[in-house]
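Everything quoted here is computed from the prediction, not taken from an experiment.
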Amino acid sequence: MKIQERTGAGAGRSAAPAGPSVGERLPTPPRERKPALAALAVLLILVGALGATMLVLQAGDRIEVVKITEEIPAGQAVNDSNTTSVMVAEDPGINYVKWSQLDALKKLKAVTTIPGGVVAVGEMFGEEAKVPEGKALVGLSLKEGQYPAGLKSGATVAAYRVGGTSRSGSGDDADGGSAGSSGSSGSSGGDSVIVDRAVVDYVQDAKDDDLVSSTNLPVTLLVDDAQAAALTQAATNGEVALVLVPGN
């Protein structure tokens, strides 16, 4: 009886399906192909290559233009000493002055003061300088001692009337009281401030040959309209002296 039961139990175990052996690999499902992703990757590669090509082409499309190396006051022109050439990427929206146009540019004037270190564009130059509204340019011819050493364009100065006392005091004795009144007026006005703040628009370079042959220094001041007449009159009489003031 016991023998039959064991036999039946063994028969039941032999009928169960055999599992996979330890060394066998489970079958993997086939990979799903995605042609759309592959096409997108190829497209991105092509776009990147095209963009890199365009950058290289743009970088290679450069032109030689004029660069200002020193400040050019309004009304002055460029020359060989205040310009140099640089290479820039060509841009149709910017009116660069090409280096080959330098000789033609020398015939024009800076419409406003041009700082050094900038690339020249056509809008900076014209037939004549543009004086700001409410301002005037007054020319001076100063002797040594009437201006500070090392005076440069762009400096802020004050203009004083000097020597007025001796000039106005020398009158004809026949004028009597009129001459005395004039002398008194001259004494009170001597060494007075004509312009408290003015900007040096132009001063001749000390290395200039014209300055070497002359004892006077040509200077142009940018002043208010209301001060231009008095400064011009004093300059005509040689009674102007310049002093550097804070702001330089």
Report the C-alpha distance between Leu140 and Leu231 in whole Å, list the side-chain angles of each, state the deciding distance to 0.1 Å, and finish with yes or no for side-chain contact (heavy atoms from CB on, under 4.5 Å).
-> CA-CA 9 Å; Leu140 310 175; Leu231 181 60; 4.3 Å; yes

Can you find a pair of side-chain heavy atoms, one from Val65 and one from Val121, that are under 4.5 Å apart?
-> no

Side-chain touch Val245/Arg197, heavy atoms, less than 4.5 angstrom = yes

For Gly139 and Ala235 the tightest heavy-atom approach is O-CB, 4.2 Å

Begin with the C-alpha distance, continue with both residues' side-chain angles, and end with the deciding distance and a verdict on side-chain contact (heavy atoms from CB on, under 4.5 Å) for Val199 and Leu221.
-> CA-CA 6 Å; Val199 176; Leu221 297 184; over 6 Å; no

Could you note down all residue pairs passing side chain to side chain donor-acceptor pair (under 3.5 Å) where residues 221-232 supplies at least one of them, sequence neighbours left out?
-> Lys135-Asp224

Measure the spacing between CG of Asp201 and OG1 of Thr112 and express it to the nearest 0.5 Å.
-> 10.0 Å

Could you tell me which non-hydrogen atom of Leu242 sits nearest to which non-hydrogen atom of Pro148, and how far apart they are?
-> O-CD, 3.4 Å

Closest non-hydrogen atom pair between Glu127 and Lys109, with its separation = O-CD, 3.8 Å

Please round to the nearest 0.5 Å and tell me the distance separating atom CD of Glu90 and atom NZ of Lys98.
-> 6.0 Å

Find out if a path of hydrophobic residues (ILVMFWY) with successive side-chain heavy-atom gaps under 4.5 Å connects Met124 to Val88.
-> yes

Could you walk me through whether Thr69 and Thr83 pass the side-chain contact (heavy atoms from CB on, under 4.5 Å) test, one step at a time?
-> CA-CA 5 Å; Thr69 57; Thr83 56; 5.5 Å; no

Hey, is the main chain of Val138 close enough, under 3.5 Å, to the side chain of Thr220 for a donor-acceptor pair?
-> no

Looking only at non-hydrogen atoms, find the nearest pair between Val97 and Gly122 and report the distance.
-> CG2-N, 3.7 Å

Over all heavy atoms of both residues, which pair between Phe125 and Ala120 is shortest? Give the atoms and the distance, please.
-> CE1-CB, 4.1 Å

Within the side chain of Gln146, is there an N or O that forms a donor-acceptor pair under 3.5 Å with the backbone of Val162?
-> no

Is there a path from Leu108 to Leu137 through hydrophobic residues (I, L, V, M, F, W, Y) whose side chains come within less than 4.5 Å of each other?
-> no

Do the side chains of Lys106 and Asp80 get nearer than 4.5 Å, heavy atoms only?
-> yes

Got a second to check how far Ile194's CD1 is from Arg161's CZ, nearest 0.5 Å?
-> 4.5 Å

If Ile, Leu, Val, Met, Phe, Trp and Tyr residues are connected whenever their side-chain heavy atoms lie under 4.5 Å apart, and connections chain through other members, are Val78 and Tyr202 in the same group?
-> no

Between Tyr96 and Val111, is there a shared hydrophobic cluster once you connect ILVMFWY residues whose side-chain heavy atoms come closer than 4.5 Å?
-> no

Shared-cluster residues of Leu46, by chain and number - hydrophobic side chains joined below 4.5 Å | Val42

Please check if Ile72 and Val200 belong to a single hydrophobic cluster, counting links between Ile, Leu, Val, Met, Phe, Trp and Tyr side chain heavy atoms closer than 4.5 Å.
-> no

Atom CG in Leu102, atom CG in Asn79: separation rounded to 0.5 Å?
-> 9.0 Å

Hey, what do you get for OG (Ser81) to CD (Glu70), rounding to the nearest 0.5 Å?
-> 5.5 Å

Considering all heavy atoms, the nearest Arg62-Met87 contact = NH2-O, 3.1 Å

Distance (rounded to the nearest 0.5 Å) between Gln204 CD and Asn216 CG = 10.5 Å

Between Pro132 and Leu222, is any pair of side-chain heavy atoms under 4.5 Å apart?
-> yes

Please lay out, stage by stage, how Leu151 and Val157 fare under the test side-chain contact (heavy atoms from CB on, under 4.5 Å).
-> CA-CA 9 Å; Leu151 185 64; Val157 298; 3.9 Å; yes

